[in-house]
Amino acid sequence: QVRMVESGGGLVQAGGSLRLSCTASGYTFSTYRMGWFRQAPGKEREFVATIRWTGASTVYADSVKGRVTISGDNGKNMVYLQMNSLKPEDTAVYYCAAGTRVVAGRSSLDYDYWGQGTQVTVSS
């Protein structure tokens, strides 16, 4: 059974930093990419960042570009999200996801496995 677990969320003041981690386990196949999404109360889940293992290619949402860095270790099935200069509007539950298909990775439909999420709260 595939299991993905996020950690590292918490409460931080505006301008602060957090590093989220995600560990995936329970699968023997190779994933094509991993990504991070977030969902704020009353809003739809939105794309944050993705990393494609081949070439370590990364893509970011415009709202976080320059403040967030996604990285990972395919061999260890881990992905990280370093978030700096956090803003109150970054407050959301952050989810990591893994995808096995050769797709762009900006849509939640591009991913096959999801974690339960970790809460990030940024106070003003």
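Predicted model, so just to flag it, every value in this text is computed and none were measured. The chain is numbered in sequence order, starting from 1.
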Query raised in the report: Is V64 reachable from V93 through a run of hydrophobic residues whose side-chain heavy atoms are each under 4.5 Å from the next?
Result: no
Query raised in the report: Can you name the closest pair of heavy atoms from Y60 and T69 and give their distance?
Result: OH-CA, 3.4 Å
Report summary line: Residues at least two apart in sequence or cross-chain that pass ring pair (Phe, Tyr, Trp, His ring centres under 6.0 Å) with F47, listed by chain then number, are F37
Requested in this report: For residues M83 and V48, determine if any side-chain heavy atom of one lies less than 4.5 Å from a side-chain heavy atom of the other.
Outcome: no
Query raised in the report: So, the side chain of T50 versus the backbone of M34: is there a donor-acceptor pair under 3.5 Å, distance only?
Result: yes
Report task. Locate the shortest heavy-atom distance separating V122 from T91; write the atom from each residue and the value. Result -> N-OG1, 2.9 Å
Query raised in the report: Do you know the tightest heavy-atom contact between S85 and S17?
Result: N-OG, 4.4 Å
Query raised in the report: Any donor-acceptor pair under 3.5 Å linking the side chain of E6 with the backbone of C96?
Result: yes
Report task. Would you mind listing every ring-ring contact (aromatic ring centres under 6.0 Å, His included) that reaches into residues 79-104, with sequence neighbours excluded? Result -> none
Query - Nearest heavy-atom neighbours spanning M4 and C22 - result: CE-SG, 3.8 Å
Query raised in the report: Are R45 and S108 close enough, and set up right, to give a side chain to side chain donor-acceptor pair (under 3.5 Å), and what steps lead you there?
Result: CA-CA 8 Å; R45 190 170 298 189; S108 60; over 6 Å; no
Requested in this report: Answer yes if Y32 and I51 sit in the same cluster of Ile, Leu, Val, Met, Phe, Trp and Tyr residues linked by side chain heavy atoms under 4.5 Å apart, and no otherwise.
Outcome: no
Query - Donor-acceptor pair, side chain of Y111 and main chain of G105, under 3.5 angstrom - result: yes
Query raised in the report: If only atom types and distance count, is the side chain of N74 paired as donor or acceptor with the main-chain N or O of W53 below 3.5 Å?
Result: no
Query raised in the report: Less than 4.0 Å between a side-chain N and a carboxylate O, is that true for D110 and R33?
Result: no
Query raised in the report: Mind checking what makes side-chain hydrogen bond (donor to acceptor under 3.5 Å, both in side chains) contact with K65, not counting sequence neighbours?
Result: D62
